[in-house]
Visitor: 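Below is a structure I'd like to ask you about.
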Number of protein chains: 2
Amino acid sequence: MDDNSTAPPLRTRDRIVEHADRLFYEGGYDHTSFATIAAEVGISRGNFHHHFKAKDDILAAVIERRRNSTAAMLRSWERVAATPTDRLGCFIDMVAENRQDIMRFGCPVGSLCSELAKQEHSLLGASGTIFEQFRTWLREQFEQLDVAQEPDDLAMHLLAMSQGVAVLANVYKDPEFVAREVARMHRWLDDTVER
Amino acid sequence: MDDNSTAPPLRTRDRIVEHADRLFYEGGYDHTSFATIAAEVGISRGNFHHHFKAKDDILAAVIERRRNSTAAMLRSWERVAATPTDRLGCFIDMVAENRQDIMRFGCPVGSLCSELAKQEHSLLGASGTIFEQFRTWLREQFEQLDVAQEPDDLAMHLLAMSQGVAVLANVYKDPEFVAREVARMHRWLDDTVER
DNA sequence: GTCTATATACCGATAGAC
DNA sequence: GTCTATCGGTATATAGAC
C-alpha cells in the first residue's frame with residue numbers, strides 16, 4: 001500500500017498549500033495575494049482556481065495541514081518523553097526551539113487567529129481548533145499528574161504564557177527575553193506538578 | 001491658559017484620528033480603508049488627503065494619540081493607587097475592565113504590533129514604544145518594591161501574561177477564563193512582592 | 001477646507017484556448 | 001492541468017473646481 005514511489009513530484013495542489021502555509025505565516029492571510037503564492041509555487045494565477053475555487057478554500061486547506069502537523073508533533077512528544085511532566089516540558093521547549101521564527105513572525109496559531117478575529121472571518125473557529133488541539137493535549141497531561149488545580153485551567157494558563165511570550169518576542173525580538181520566559185515556564189511547571 | 005472654550009467642534013484632523021484609532025483597533029490597520037474612515041467621520045475621501053498625505057501618516061498620528069492616552073492612564077493609576085503594589089494591581093485590573101473589547105478585538109497594542117510585524121511595517125518600532133511605556137512604568141513600580149528578581153524581568157513577564165490572556169480571550173471569548181487569569185496574575189503579584 | 005472626478009494599481013475571480 | 005486574457009471591484013492617491 002502506498003508503495004508507489006512513482007508519485008514523487010508532489011501534486012500541485014499540495015505544493016500550493018505548502019507554500020500558502022508558509023506565506024500566510026510570514027506575511028499574514030489577507031496580505032498574501034494569489035499572485036505571491038502563484039509566483040512562489042511557479043504556476044500562473046489562472047491555474048490557481050482549478051485547484052481552489054476561492055481564497056478561503058486555501059486557508060481552510062492550510063488550517064487542515066496545520067492541524068495534521070500539530071497532531072504529529074503532539075504524538076512525537078508522546079514518543080520522546082516518558083512522563084506527562086516531560087511531555088509538558090516538550091511544549092515549553094517548543095517556544096525556545098522556534099524562537100527565531102517566533103521573533104520574526106509571531107506564533108503561527110496565535111497570529112492567524114488574531115487576524116481572523118479582527119476581520120470576523122468565518123474560519124476563525126476552524127483556526128481555533130488548532131489551539132484546541134494543544135489545550136486538550138496539555139489538559140490530558142495535567143490530568144495524568146493528579147495536580148491540585150483544574151487541569152484545564154493549567155492547560156489554558158500554559159497556553160496563555162506561550163502566547164504572551166510570542167507576542168512580546170515578535171515586538172522586541174530579544175532572544176534573551178525568550179530564554180528567560182522559557183526558564184520561568186519550566187520553573188512554574190516544576191512548582192505546579194510537585195506535591 | 002487653554003481656557004478658550006471657543007474651539008469646540010474638534011478639528012477635522014482630530015476627528016479623523018479619533019475614528020481611525022477605533023477602526024484600526026476593531027478591524028486592523030491594513031483592512032481599514034480610507035472610505036470606511038471617511039464615512040465614519042462624515043467627510044469625503046478627497047478631503048482626506050488634505051489632512052494626511054498618506055495612510056501611514058494617519059497610523060503615525062493614531063500611535064501618537066495612543067501614546068498620549070497611555071501616558072494619561074498611567075498617571076491616573078499613580079493618582080488612585082498609593083503604593084507600587086496597588087499600582088501594579090491597576091495594570092492587572094485593566095485587563096478585567098477591558099475584557100469585553102479584548103474578547104472582541106484583542107489588545108489594542110499587541111494586535112497592532114503583531115500586524116505591523118508581519119508586514120515588516122516601518123512603524124512597528126513606533127507602535128512598540130507603547131509597549132515600552134508600560135514596560136518602563138511597570139519596572140519603576142517593581143523598583144520601588146525592592147523585589148528579589150530583576151524589576152525589568154518582572155515588568156516584561158507581567159506584560160507577557162497580559163498579552164497571552166488577550167490572545168486567548170480573543171480566540172475563545174470566555175469571560176470566565178479572563179477572570180481566572182486576572183485572579184492568577186493578582187496572586188502572582190502578591191507572591192512576588194511579599195518578602 | 002471640502003467637494004467631485006479621476007488616475008493608477010492590485011485584488012480575487014472567471015472564461016476559454018490548448 | 002496549465003496557460004493567457006480579462007472582468008468587476010476596490011484600494012491608495014491625485015487633480016482641480018468651489
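Order of the sequence lines fixes the chain letters, A, B, ..., with proteins taken first and strands second; residue numbering starts at 1 for each chain.
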Visitor: Expressed in angstrom and rounded to an integer, what is the separation of A:I58 atom CD1 from C:dA13 atom C1'?
Guide: 11 Å

Visitor: Scan nucleotides 2-18 of chain D nucleotide by nucleotide, 5' to 3', and note B when protein non-hydrogen atoms come under 4.0 Å of the base, S if they reach only the sugar-phosphate, - if neither.
Guide: BBB------SSBB----

Visitor: Kindly write out the residues that satisfy ring-ring contact (aromatic ring centres under 6.0 Å, His included) with A:H49, not counting sequence neighbours, or none if the list is empty.
Guide: A:F34

Visitor: In the hydrophobic clustering (ILVMFWY, side-chain contacts below 4.5 Å, transitive), which residues join A:F105, or is it alone?
Guide: A:Y25

Visitor: Going by the rule salt bridge (Lys or Arg N to Asp or Glu O under 4.0 Å), which residues pair with A:E140 if we only count those two or more places apart in sequence or in a different chain?
Guide: none

Visitor: Residues in side-chain contact (heavy atoms from CB on, under 4.5 Å) with B:D30, at least two apart?
Guide: A:D30, A:H31, B:E115, B:Q119

Visitor: Among residues two or more places apart or on two chains, list those pairs meeting salt bridge (Lys or Arg N to Asp or Glu O under 4.0 Å) that have a residue in residues 154-181 of chain A.
Guide: A:R180-B:D153, A:E181-A:R184

